[in-house]
Each structure stands twice: as structure tokens, then as C-alpha cells.
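Heads up, the thing below is written out as C-alpha cells.
FYI, side chains are in, hydrogens and waters are out, and symmetry mates aren't considered; it's all heavy atoms of this structure.
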Amino acid sequence: MKSPVRTRFAPSPTGYLHIGGARTALFNVLFTLQHKGEFLLRIEDTDLERSSEVYTQNILEALNWLGLDYYGETIAHQSKRIEIYREYALRLFEEGKAYRCYCSQEELEAARKAQMKARKPPKYPGTCRDGRSERELGGAPYALRFKTPKEGETTFEDIVKGPARFANEELEDFVLLRSDGSPTYNLCVVVDDYEMGITHVVRGDDHFVNTSKQVLLYGALGLATPKFAHVPMILGADRQRLSKRHGATSVQAYKETGYFPQALVNYLARLGWSHGDQEVFSFEELVQKFRLEDVGKSPAVFNPQKLLWLNHVYMKSIPVQEIAGRLLPFMKERGIEADNGPELWGRIDTLRERSKTLVEMADWIGFYYAQNVEYEPRASERYLRPEILSALEALKENLQQIEKLDEEAAKRAFSGVLEAYGLSLGELAQPARVALTGGTVSPGIFEVIAAMGKSRALKRLQEAIAFIRAKGSGPLD
RNA sequence: GUCCCCAUCGUCUAGACGGCCCAGGACACAGGCCUUUCAAGCCUGAAACGGGGGUUCGAAUCCCCCUGGGGACGCCA
């Protein structure tokens, strides 16, 4: 049985997959999954100059990372279908719905400038619309232009923007085939969307105006139009269309800076779409609740801080095993080798509340693995002092006695010392923290001890003790 | 310049039928609480219906104008 819904994501491989493209893909996937339809991928690589296989690979990888690779085995490449588009174009020509245009780039450019100057809409003046046979006979190169009706209007229904109408008069005779014979975008999309059986075209708002031209083409070719949904653009903080100068815009950049794909997907979904007051959605929930009708009509400003917050939300709830898997590469970058096992999991657990990204976490986690603790000068100066020496020794003694050194046990070891020496927890915790981590900031001290493991904790305490002794035995300060 | 679209806190947004909205949530921000450090968490606060006309007993919600923003104007996609 034929699926009632069939969508596609059609990026052109002229750059990395960016946030906007990712959101378009996401909306397509959510809509399709909800309707148990089919989602296809089409690479629009007809611009041989700018298209690159490298970008195609990047797009595929990014979609995979985001978990949006629901397209099947077959990926359509427009560059391999050139002949098909030409056939459609030629058919239009034979039926008198398209004509040969011999105008040169210079002529067109001059005409455009003149029109702009005259406060008129810049569009093809129609020079060749009724034939220019003298040049035709000369065998000059020509482009094939679509003969746009001069009257009437073209209408279509847009699921997010509502009914749309354009006066045909405003539309120009656009090019179908370039003078080198290659097909142009508007022709290719129409032919492909038809041949691929696309029922819903969900794409960026920047294609909204093109849609009228495409609808005209569908009509001329005698094809039924699919349904359209144009999702609003994503803007930078300056309200300009998001671009490289707004910082990280590629999906890859977010992967590299330690974001979870779940968080990015969640954030992107909420940009332009909402479901009451809900902020956090699992993918399944999105599939269940997403509706194209609920997508807003106005462009949205990308807010990196909110994404960061969401990432932290996910950091706190994603299973440690998964975090470990994603964290390992970042640790490796920092020269830390570890196994994805209980020891790592325990350490991650102590860090997740205070790490917003995997990069932050990888920076934090280093102290657990370091061969030698390096004391921050100010920290050791302030906390590793002779006054605390005996208390630290006592603490070490207490810890040594414990067989299973978990948080609770560590806490008991501390209590004993505090009582014996009349210290407050802070008075002992800070020196211990410096001894174990090298700095004054870390997860809770009991957690650190438990996650670090007994032998390493004892070793570090001993080193701190020796450090204080060495300092104390020097000349008086 | 021409055409199209849009318009609620700094940002993302909630807001079916106009009264439940002197406008709710989230991020960020400020203050407080908690506290072994830093975070986190919790509580509180400041913060918006762009302006002007209508329609109506009553408008953030409907209509018009202005202003502002975005998109498109390629033999790019």
C-alpha cells in the first residue's frame, strides 16, 4: 500500500550542514514519522562549480549524528538525472510553453539595472518571448525560458503560512535550461518531487516565492502539486539571517564543542514550534506532538544560551554509559585514556551537575586521571599549611581503615577527624580538596574520594602531607 | 527599488470562540535560601501585547494605516 506521506530533505552540497538545514530536516522527519510515511534524501548538486563530495559526506554524517538519517538506502543525486530534466524542458518547448532566449548576460544585466533605477520590478523583459529568428538561424547559444502567463494569478496552500497568491504579472519568464544545456533549480525540484512521489514539501521560507513558479510548472506539465510548508528562517542575534559570522552555525561545530544531538534536536524543535509551555521533549514525544500547523510564521533568533542550558538538562539525565561513550573522544584529545567502565561512570556522575558540555566535563575530569597533582599556587598556599597537617594525617589513617570506600564511608572518616580536632567541615574539606584535586573547586569532597578510589586518594593525601612537611622544614617565612 | 510574508518580556514562546490576561512558561539577568568549594537546585524580582485609528458593552486577540523586521527579485540552490 502506498504511504500517504512522503517527504524529502534536499540540501545542496555547497557547505556544511547548518542549523537551519538541520531544523528543516528535523521537521520533515518528525512530520513523516508521525504519519508513518517515507523520508527521502536528495542531493541537489546541479551546481557543479560549488558542489563538493566533501560537503555531501559532511551532511550525511551530521544527519546521522543528529539521529535524523531515516532516509533509506537510496539517495538521489540530481547531477545524475540531467537528461531527465532536459526531457521535461524540451517537452515544454515542443508544446509552446517555453521558448529559446538568445539574450546575453550583459543585456540582461543592463536591463535589470535599468528597471531597478526606474523603480520597476526587475524581471526578464521578454525580448525573445516572441522569437528572434535571425539569431536562431545563426546558431547562437540559447537558454530555454518558461513562458509565464501574463495574466491571472497563481495560488497555493501553505501549511504554515496559509493561502498564498501571486499575480502572474509579477513573475518573470525564468530559465529552465541554461545556454550550456544544464537544467535549473526550479525545473529540477518540480521534476524530482513529482517523480519521487513527494506529497509534502517542507523547506525553508527562502523558497516561498519560488513556489509560485514551481506551481506554474506543475500546471504546465499537467502534474498535481504536492502540499507545501515553508518554515521561517533562523536569525542571528543581530536579526540578520544566520551566517558564519554569527559564530558556530554548522551542526558539526556543535558536535565538536561537546553538545548532545538530543539537546540540539530539542532546541531546534522549539525554535519556531511550540507545544504549550513544554520545553523538554524526547524524540518520541516530538514525533507524537509535532504539527506543521503549529509552526510559527515569523523568523526566530537563535539563542546559544538556551541551547547550552538544554544541553545541561540532557547532561543530567542521559545515562552515564552513553555520556561516557560520547566523552571518551574528548578525553582522548586531552591525552586521557580510559575504559568505558564503572570507574569512568562514577567519575562522570560527580561531574554531570556542573558540566554544561562534554568539553567542560573533559576539562574537569582530568584531575582524576593525572599522574601527579599540580597544586594551584594560591590554593596550596592558603590550604596546605602546617596547622592542618595532623588532621590530614588522621584523615588518611581513617580512610586507610575503610575497606569499601564509598561516599558514606568517606563521610564517616571525615566526621571522626572533625570531632577529634574540633574543626568545621569546611576547614578540613578545602585542604583535602586541594590535596586530591590540586584546586579549590571540585565536586563534593566525599564524592571525589569515592570516585577517585582508595589507593589514589591515599597517595595524594600522602603527597600533600609530604608537601606541607617539606614546606614547613624550610626557612621560616 | 519592486513583490511577498511577519509583528507578545533582551531571546524562544503560551495566548481556540474577543471577556478566564492590569498577559503565562522557559533561557538570560538581579536578589535570597541551601552549602565542604564551585556549580546545580529552590524561592523571589525586574522585564512585553511597536504606534495610530476604528469595530465592540469589552481587543494582545477582528479591520485599516504607519512603523519595524524577514524573505525573494540569478543562465545559485
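- Annotation: B:rU61 and B:rG15 have their P atoms spaced 15 Å apart (nearest Å).
- Base pairing of B:rC34 is not made with any nucleotide, judged by Watson-Crick or G-U wobble geometry with both donor-acceptor distances under 3.5 Å.
- The nucleotide B:rC21 finds no pairing partner, because no Watson-Crick or G-U wobble arrangement with both distances shorter than 3.5 Å includes it.
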Kindly list each side-chain donor-acceptor pair under 3.5 angstrom involving residues 358-370 of chain A, sequence neighbours excluded, with atom names and distances?
unit_1, atom_1, unit_2, atom_2, d
A:Glu360, OE1, A:Lys356, N, 3.3
A:Asp363, OD1, A:Arg334, NE, 2.6
A:Asp363, OD1, A:Arg334, NH2, 3.4
A:Tyr368, OH, A:Thr350, OG1, 2.8

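- Within the 4.0 angstrom heavy-atom criterion, no nucleotide atom of any strand lies near A:Leu144.
- Note on A:Glu172: only backbone sugar-phosphate atoms sit closer than 4.0 angstrom, heavy atoms only; bases stay farther off.
- When rounded to the nearest whole Å, the span between CG of A:Leu310 and C1' of B:rA28 equals 13 Å.
- Along RNA chain B, the nucleotide nearest A:Leu108 and the nucleotide nearest A:Leu307 are compared for position; the residue whose nucleotide lies closer to the 5' end is A:Leu307.
- Of all heavy-atom pairs between A:Ala391 and A:Leu428, the closest is CB-CD1, 4.1 Å.
- In a base pair of the Watson-Crick type (N1 to N3 plus N6-O4 or O6-N4) or a G-U wobble (N1-O2 and O6-N3), with each distance short of 3.5 Å, B:rC62 is matched with B:rG54.
- Counting heavy-atom neighbours within 6.0 Å of A:Glu53 CD, excluding the residue itself, gives a total above 12.
- The salt bridge (charged side-chain N to carboxylate O under 4.0 Å, His left out) check on A:Arg91 picks up A:Glu95, with sequence neighbours excluded.
- A donor-acceptor pair is defined here as one N or O able to donate and one able to accept, closer than 3.5 Å; no such pair exists between the side chain of A:Arg165 and the backbone of A:Thr155.
- Within the 4.0 angstrom heavy-atom criterion, no nucleotide atom of any strand lies near A:Gln278.
- Residue A:Ser179 is in base contact, counting any heavy-atom pair closer than 4.0 Å across all strands shown.
- Listed by chain and residue number, A:Phe27, A:Trp273 satisfy the ring-ring contact (aromatic ring centres under 6.0 Å, His included) test with A:Phe290 (two or more places apart in sequence, or in another chain).
- For B:rC21 and B:rA28, the P atoms lie 27 Å apart once the distance is rounded to whole Å.
- The distance between atom CG of A:Asn266 and atom P of B:rA26, rounded to the nearest whole Å, is 15 Å.
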Sugar-phosphate or base contact per nucleotide [nucleotides 35-49 of chain B; S, B, -; heavy atom under 4.0 Å]: -BBBBSS--------

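- Here the C1' atom of nucleotide B:rA77 and the NE2 atom of A:His77 are 16 Å apart, to the nearest Å.
- Note on ring orientation: taking the six-membered ring where Trp is involved, the planes of A:Tyr194 and A:Tyr88 are perpendicular (angle over 60°, cut-offs 30° and 60°).
- Heavy atoms of A:Thr14 sit nowhere under 4.0 angstrom from any nucleic acid atom.
- Remark: A:Glu419 CD is loosely packed, at most 12 non-hydrogen atoms of other residues, nucleotides or ligands lying under 6.0 Å away.
- Here B:rC75 presents its C1' atom at 7 Å from CZ of A:Arg145, a figure rounded to the nearest Å.
- At whole-Å resolution of the value, CG in A:Asp206 and P in B:rC73 are 9 Å apart.
- Within 6.0 Å of atom CD in A:Glu293, more than 12 heavy atoms from other residues, nucleotides or ligands are found, so the atom counts as buried in its surroundings.
- Remark: B:rU2 base-pairs with B:rA72. Criterion, Watson-Crick or G-U wobble with two distances under 3.5 Å.
- A donor and an acceptor atom, one from each side chain of A:His246 and A:Asp238, are located under 3.5 Å apart.
- Look at NZ on A:Lys213: it is 13 Å from C1' on B:rG71, rounded to the nearest Å.
- Taking atom P in both B:rC12 and B:rG70, the straight-line distance is 13 Å, to the nearest Å.
- Within the 4.5 Å cutoff, side-chain heavy atoms of A:Leu425 are placed close to those of A:Phe414.
- The base of B:rA77 is paired with the side chain of A:Asn210 by a donor and an acceptor separated by under 3.5 Å.
- Taking atom P in both B:rA60 and B:rG51, the straight-line distance is 11 Å, to the nearest Å.
- Remark: the separation of the C1' atoms in B:rC20 and B:rC6 is 28 Å, to the nearest Å.
- Comparing the P positions of B:rC34 and B:rC43 gives an interatomic distance of 15 Å, to the nearest angstrom.
- Residue A:Arg241 has no polar side-chain atom (N or O) positioned under 4.0 Å from OP1 or OP2 of B:rG70.
- With sequence neighbours left out, the ring-ring contact (aromatic ring centres under 6.0 Å, His included) criterion links A:His207 to A:Tyr185.
- One interatomic measurement links the two molecules: CG of A:Leu235 to C1' of B:rG68, which rounds to 13 Å at whole-angstrom precision.
- Across all strands shown, B:rA39 remains unpaired; no Watson-Crick or G-U wobble contact has both distances below 3.5 Å.
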So if I define the base as every atom that isn't primed, P, OP1 or OP2, how would nucleotides 3-24 of chain B read as a B/S/- string at a heavy-atom cutoff under 4.0 Å? SSSSS---BBSS---------B

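- Comparing the same atom, C1', in B:rU13 and in B:rC9 gives a spacing of 10 Å after rounding to whole Å.
- If you take OH of A:Tyr85 and P of B:rA77, they are 11 Å apart, rounded to a whole angstrom.
- B:rA7 and B:rA14: their P atoms are spaced 10 Å apart (whole Å).
- Of all nucleotides present, only B:rC27 satisfies the Watson-Crick or G-U wobble test against B:rG10, with each distance under 3.5 Å.
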